[in-house]
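A, B, ... follow the sequence lines: proteins, then strands. Residue 1 opens every chain.
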Number of protein chains: 2
Amino acid sequence: MFNALGDARRRDILDALGSGEATVGDLVDRLGCSQPQVSKHLGVLRAVDVVRCRADGRRRLYRVHPPGLAPLTTWLARLTADVNAHYDRLDDYIAELERSDHRPTEGDH
Amino acid sequence: MFNALGDARRRDILDALGSGEATVGDLVDRLGCSQPQVSKHLGVLRAVDVVRCRADGRRRLYRVHPPGLAPLTTWLARLTADVNAHYDRLDDYIAELERSDHRPTEGDH
DNA sequence: CATTTATATTCCGATATGAGCATATACGCA
DNA sequence: TGCGTATATGCTCATATCGGAATATAAATG
């Protein structure tokens, strides 16, 4: 699931599907990506139930399936809740930052 | 960023850090993972600013940095908002499901 | 039934990524 | 200054993954 969203192309597909159902061909046009690629990415997204599709003749209408995002949203919610619970003394936390975070992401040493 | 959370080991690290600051050694013990691996994963998480660290003598105290998760949360929020905006006629959507979604993720054809 | 259109699948090569090991750096301490 | 501990980095290998081309399947159409 997380892995499925780890790919930019697949997020592009989801973004495109955000504006409603679309066929594989539509996505190919919008993303400028090859048809097999789109089908494969849709396969991955479908495997984790984040998109679903219905048949319309020889076409497949894909759409986002929001409940499929639940694992992600619940994990995120739990993580941030945990963090907030443990850093509820915000002032201490901030003070801590002031003291030693003057080079946030640098590989010091 | 999404890629950083695409790895289970890194989510384990974040989960562990959810209960407060921890040193690299702590994480090695808790995750049963090698020290270099933990350091590398922490490097990835730090690169996308989802964790930060402060020095304490020769140890490094790591913690989750919630603002770093913003790209993810905003993307998620926007996607679901878009989807909801376009599928606001929920009844139609459901009816649609009833009609053709009897085999959700199967590779039909 | 043959053909065309829409989508899925397979195969292959290039590239990225994670694990393991060795090693480097940095700090504290005697 | 020399040693031990804590953490980071570099290297190599195995594997996963993406992209591309060809092909298979399925449905509509004549």
Does B:Y62 have a side-chain nitrogen or oxygen under 4.0 Å from the phosphate oxygens OP1 or OP2 of D:dA6? no
How many Å lie between CG on B:D7 and P on C:dA16, as a whole number? 18 Å
Just by distance, do the side chain of A:R10 and the backbone of A:L5 share a donor-acceptor pair under 3.5 Å? no
Members of residues 8-19 of chain B that approach DNA chain D, where some heavy atom sits under 4.0 Å away: none
Could you state the atom-to-atom distance from CZ of B:R54 to C1' of D:dT7 in whole Å? 16 Å
What pairs with B:D56 under salt bridge (Lys or Arg N to Asp or Glu O under 4.0 Å), at least two apart in sequence or on another chain? B:R59
How far apart are the C-alpha atoms of B:L42 and B:L27, what are their side-chain angles, what is the distance that settles it, and do they pass the side chain to side chain contact (heavy atoms under 4.5 Å, CB included) test? CA-CA 10 Å; B:L42 284 171; B:L27 295 171; 4.0 Å; yes
Going by the rule salt bridge (Lys or Arg N to Asp or Glu O under 4.0 Å), which residues pair with A:R9 if we only count those two or more places apart in sequence or in a different chain? none
So, applying salt bridge (charged side-chain N to carboxylate O under 4.0 Å, His left out) with B:E21, which one of B:R52, B:R54, B:R60 is it? B:R54
Expressed in angstrom and rounded to an integer, what is the separation of B:R59 atom CZ from D:dA8 atom C1'? 17 Å
Quickly work out the A:R60 CZ to C:dA8 C1' distance and round it to whole Å. 8 Å
Starting from C1' on D:dA8, measure out to CG on B:L27 and report it in whole angstrom. 14 Å
Distance, rounded to the nearest Å, where A:D56 contributes CG and C:dA6 contributes P: 12 Å
Is any side-chain N of the basic residue among A:R78 and A:D82 closer than 4.0 Å to the acidic one's carboxylate O? yes
Between B:R46 and D:dA8, does any side-chain N or O lie under 4.0 Å from OP1 or OP2? yes
Closest non-hydrogen atoms of A:V64 and A:G18, given as atom of the first, atom of the second and distance, are CG2-N, 4.2 Å
Can you tell me if A:N3 touches the phosphate of D:dA16, counting only side-chain N or O atoms and a distance under 4.0 Å to OP1 or OP2? no
Identify the residue among A:D29, A:L61, A:V38 that makes a side-chain contact (heavy atoms from CB on, under 4.5 Å) with A:T23. A:L61
For residues B:L17 and B:R63, determine if any side-chain heavy atom of one lies less than 4.5 Å from a side-chain heavy atom of the other. no
Would you indicate what A:D26 reaches in the nucleic acid, counting non-hydrogen atoms under 4.0 angstrom: base, sugar-phosphate, or nothing? nothing
With sequence neighbours excluded, what pairs up with A:L76 under the side chain to side chain contact (heavy atoms under 4.5 Å, CB included) test? B:L69, B:L72, B:T73, B:L76
Heavy-atom side-chain contact between A:F2 and A:V48 under 4.5 Å: no
Distances under 3.5 Å between protein N/O atoms and the N/O atoms of nucleotides 3-5 of chain D, please, pair by pair.
{"unit_1": "D:dG4", "atom_1": "N2", "unit_2": "B:R58", "atom_2": "NH1", "d": "3.0"}

Where along residues 28-41 of chain B does a heavy atom fall under 4.0 Å from DNA chain D? B:Q35, B:P36, B:S39, B:K40
